Asker: 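Pasting a structure here, questions to come.
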Amino acid sequence: MENPFGEATCRQLAGLLLTRYDREGRDLPWRRTRDPYRIWLAEIMLQQTGVKTVLPYYAGFLERFPTIQALAEGELEEVLSLWQGLGYYRRARHLHATARHVVRELGGRFPDTCEAMGRLPGIGPSTAGAILAIAFGQHQAILDGNVKRVLARVLALAMPPDTTVGKRTLWEQARRLTPRERPGDYAQAIMDLGATVCTLRQPLCPSCPWQGYCAAQREGCPEAYPVRLAQAPKPRKYQFQALVTRPDGRVLLLPKRDATLLGGLWHPPGDEPGLSAVPPEAEAVRRHLAEGLGIQVATPCPLDAVAHTFTHFHLTVFPFLCPWRAGEPPEASGGRWIDWRQDRRTPLATLHRKVLARLSESPATPALEA
DNA sequence: AAACCGGGGTT
DNA sequence: AACCCAGGTTT
């Protein structure tokens, strides 16, 4: 694409956006600081997650880890505990790894170039640009989801933003539009515009400082952008999970040591997700526990299935209530008996909380309340 | 229930 | 360059 806006027009557009931001931009906690640590934390939490969800996590996280030194000294398990429910737990592992690297190898200071910043775990080109622009005042562009949508509309971009050509075009125009003055405020301003005015559905074009410059608005249907590729349907998978309970209410949980899938979180024993839509026989569940963990249980009792959607597939879990009779998990399994409602030190993913909640709904212990 | 967002890592 | 990723919010 040729450059649709000349240099003078780019300066004008940036000015219009900054004026709106100064007058109407949201007051968010991470906009009240230039501490790179706080800006970095906000950018990581805001990846794949909305502002409203992030706010309480951001406050709680900073209360426990007010500085990058505190975070570097903390244990991963506690970091994951504070991240519980926020999803995409790899972000939390990367956050912790980067904190340790910055503190131990870089004297506690973030690198000040895009290349070096982008080598840190969990930080890519857009997040690196955001930190450098907002915390260090450098002339760097960002390209997150909000910015992609705004620019795709202003340019009436014909191709999907995630294609190679689409990305190259958007990065190029994002750089051209970023002003030399106040690049950090500009970054916040364009994200704010995307989140509050140039929204996915029903954009508020009459309130937009760029109306009159926007090719999508001129075409009459801004919602037609960004152009999307057809999405592949998500497969549905099935698994069982065994809730081995002791008389005192504790449940057997195992740590997920796998580096990529919910790594560091805890889960009940079960089989791998598969394609069979039929729950296993109780006898198969009992055998799985006996052979895999050396644990004997009374006849497993099926509970209501739990449905959960992940990024790339739907999952149905068949929970089984399994009263413990004998046996302890082998040392190598890392298994522990946990009072999961009380224990704040054991990070659990949302799925496993939903599965464990079935224990309070089981036919064996009917609800007492009306 | 369905649509859809989103950036970094890996190969 | 293509593919992958163990969620959540909005409509």
Side-chain angles (χ1 to χ4, degrees), chain A residues 40 43-57 80 83-95 97-98 114 117-131 142-152 159-168 170-171 174 191 194-196 198-203 223 225-239 241 254-268 270-274 306-317 347-355:
Chain A
W40 166 56
E43 290 299 323
I44 300 301
M45 284 190 170
L46 287 165
Q47 289 170 0
Q48 291 115 325
T49 311
V51 166
K52 198 179 151 192
T53 305
V54 163
L55 282 171
Y57 284 93
L80 287 165
W83 207 271
Q84 280 180 93
L86 206 48
Y88 295 97
Y89 298 90
R90 189 161 53 171
R91 294 183 295 174
R93 293 202 306 279
H94 286 153
L95 191 81
T98 286
C114 221
M117 188 87 83
R119 281 196 293 270
L120 298 172
I123 299 183
S126 188
T127 303
I131 299 169
I142 63 164
L143 190 64
D144 78 342
N146 284 312
V147 181
K148 282 180 188 168
R149 185 170 57 255
V150 171
L151 295 186
M159 66 287 272
D162 295 322
T163 58
T164 304
V165 178
K167 271 190 286 207
R168 198 176 60 219
L170 288 173
W171 269 112
M191 288 191 281
T196 61
C198 196
T199 48
L200 176 64
R201 284 171 282 261
Q202 300 177 10
E223 289 166 274
Y225 298 93
V227 175
R228 286 285 162 216
L229 294 167
Q231 265 193 265
K234 294 181 182 182
R236 182 166 290 278
K237 300 184 183 181
Y238 306 84
Q239 71 177 152
Q241 288 182 9
L254 306 173
K256 194 97 177 166
R257 291 186 172 131
D258 182 295
T260 56
L261 299 129
L262 290 183
L265 280 77
W266 293 71
H267 62 100
D271 63 349
E272 292 300 312
V306 171
H308 192 74
T309 299
F310 289 116
T311 312
H312 286 81
F313 64 96
H314 303 286
L315 180 65
T316 298
V317 174
L348 292 165
T350 301
L351 164 69
H352 298 127
R353 288 197 176 274
K354 280 159 70 174
V355 171

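What you see below is based on every heavy atom in this structure, not just the backbone, and it leaves out hydrogens, waters and symmetry mates. From a predicted model like this one, the values you see are computed outputs, not experimental measurements. In what follows, chains are A, B, ... by sequence order, proteins preceding strands, each numbered from 1.
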Asker: Looking across every strand, which nucleic acid part, if any, lies under 4.0 Å from A:Thr164 by heavy atom: base, sugar-phosphate, or nothing?
Answerer: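 Counting heavy atoms under 4.0 Å across all strands, the contact made by A:Thr164 is with sugar-phosphate only.
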Asker: Taking 5' to 3' order, which nucleotide of DNA chain B is first and which is last to have an atom within less than 4.0 Å of a heavy atom in chain A?
Answerer: B:dC4 to B:dG9
Asker: Quick one, A:Arg168 with A:Thr163, criterion side chain to side chain contact (heavy atoms under 4.5 Å, CB included). Give me CA distance, side-chain angles, the key distance, then yes/no.
Answerer: CA-CA 9 Å; A:Arg168 198 176 60 219; A:Thr163 58; over 6 Å; no
Asker: Rounding to a whole Å, what distance do you find between A:Gln48:CD and C:dA6:C1'?
Answerer: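 Value for this atom pair: 13 Å.
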Asker: Any protein N or O atoms within reach of nucleotides 9-11 of chain C? Criterion: under 3.5 Å, listing atom names and distances.
Answerer:
unit_1, atom_1, unit_2, atom_2, d
C:dT9, OP1, A:Thr53, OG1, 2.8

Asker: Here's a test of your reading of the structure: between A:Leu46 and A:Pro121, which maps to the more 5' nucleotide of DNA chain B?
Answerer: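 The residue mapped nearer the 5' terminus is A:Leu46.
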Asker: Provide, to the nearest angstrom, the distance between the OH atom belonging to A:Tyr89 and the C1' atom belonging to C:dG7.
Answerer: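 Roughly 8 Å, once rounded to whole Å.
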Asker: Give one of base, sugar-phosphate or nothing for A:Gly85, where a contact means two heavy atoms less than 4.0 Å apart.
Answerer: sugar-phosphate
Asker: Taking side-chain hydrogen bond (donor to acceptor under 3.5 Å, both in side chains) as the test, write out the residues that go with A:Gln48, two or more places apart.
Answerer: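 Result, side-chain hydrogen bond (donor to acceptor under 3.5 Å, both in side chains) vs A:Gln48: none returned.
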Asker: Any base atoms under 4.0 Å from A:Leu200, or only sugar-phosphate, or nothing? Heavy atoms, all strands.
Answerer: sugar-phosphate
Asker: In whole angstroms, how far is the C1' atom of C:dG7 from the CD atom of A:Gln84?
Answerer: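 From A:Gln84 CD to C:dG7 C1': 15 Å.
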Asker: Decide yes or no on side chain to side chain contact (heavy atoms under 4.5 Å, CB included) for A:Tyr57 and A:Thr49, but give the supporting numbers first.
Answerer: CA-CA 11 Å; A:Tyr57 284 93; A:Thr49 311; over 6 Å; no
Asker: Indicate, with a heavy-atom threshold strictly under 4.0 Å, whether A:Arg149 touches base, sugar-phosphate, or nothing.
Answerer: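 Since only primed, P, OP1 and OP2 atoms lie under 4.0 Å of A:Arg149, the category is sugar-phosphate.
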Asker: Whole angstrom is fine here: how far is it from OH in A:Tyr88 over to C1' in C:dA6?
Answerer: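 The answer, rounded to whole Å, is 10 Å.
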Asker: Supply the atom-to-atom distance A:Leu120 CG to A:His94 NE2, rounded to the nearest 0.5 angstrom.
Answerer: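 Those atoms lie 11.0 Å apart.
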Asker: What is the ring orientation for A:Phe313 with A:Phe310, classed by angle as parallel under 30°, tilted 30 to 60°, or perpendicular over 60°?
Answerer: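 Tilted, since the angle between the ring planes falls between 30° and 60°.
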Asker: Begin from the C-alpha positions of A:His352 and A:Leu265 and carry the test side chain to side chain contact (heavy atoms under 4.5 Å, CB included) through to its verdict.
Answerer: CA-CA 10 Å; A:His352 298 127; A:Leu265 280 77; 5.9 Å; no
Asker: When the distance from CZ of A:Phe310 to C1' of C:dG8 is rounded to whole Å, what number comes out?
Answerer: 12 Å
Asker: For A:Lys234, which contact category applies under a 4.0 Å heavy-atom criterion: base, sugar-phosphate, or nothing?
Answerer: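 Here A:Lys234 touches the bases of the nucleic acid.
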Asker: Walk me through it: do A:Val227 and A:Met159 pass the test side chain to side chain contact (heavy atoms under 4.5 Å, CB included)?
Answerer: CA-CA 6 Å; A:Val227 175; A:Met159 66 287 272; over 6 Å; no
Asker: Categorize A:Asp162 for me: base, sugar-phosphate, or nothing, with a 4.0 angstrom heavy-atom threshold over every strand shown.
Answerer: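 Nothing: the residue A:Asp162, judged by heavy atoms under 4.0 Å, touches no strand.
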Asker: To the nearest Å, how far apart are A:Leu351 CG and C:dG8 C1'?
Answerer: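 That distance rounds to 14 Å.
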Asker: What contact category does A:Thr350 fall into here, base, sugar-phosphate, or nothing, at under 4.0 angstrom with non-hydrogen atoms?
Answerer: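 Sugar-phosphate, no base atom in range.
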Asker: Is there a donor-acceptor pair under 3.5 Å between the side chain of A:Arg201 and the backbone N or O of A:Glu223?
Answerer: no
Asker: For B:dA3 and C:dA6, measure between their P atoms and round to the nearest Å.
Answerer: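 Straight-line distance between the two P atoms is 24 Å.
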Asker: Just verifying a value: how many Å separate A:Leu315 CG and A:Gln239 CD, rounded to the nearest 0.5 Å?
Answerer: 5.0 Å
Asker: Across the strands shown, which category fits A:Gln47 at heavy-atom distances under 4.0 angstrom: base, sugar-phosphate, nothing?
Answerer: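 Counting heavy atoms under 4.0 Å across all strands, the contact made by A:Gln47 is with sugar-phosphate only.
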Asker: Between A:Pro273 and A:Arg168, which is nearer to the 5' end of DNA chain C once each is assigned its nearest nucleotide?
Answerer: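 Its nearest nucleotide lies further toward 5', so the answer is A:Arg168.
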Asker: Would you compute the distance between atom CG of A:Asp162 and atom NZ of A:Lys148 and round it to the nearest 0.5 angstrom?
Answerer: 4.5 Å
Asker: Rounded off to whole Å, could you give me the NE2-to-P distance for the A:His267 and C:dA6 pair?
Answerer: 14 Å
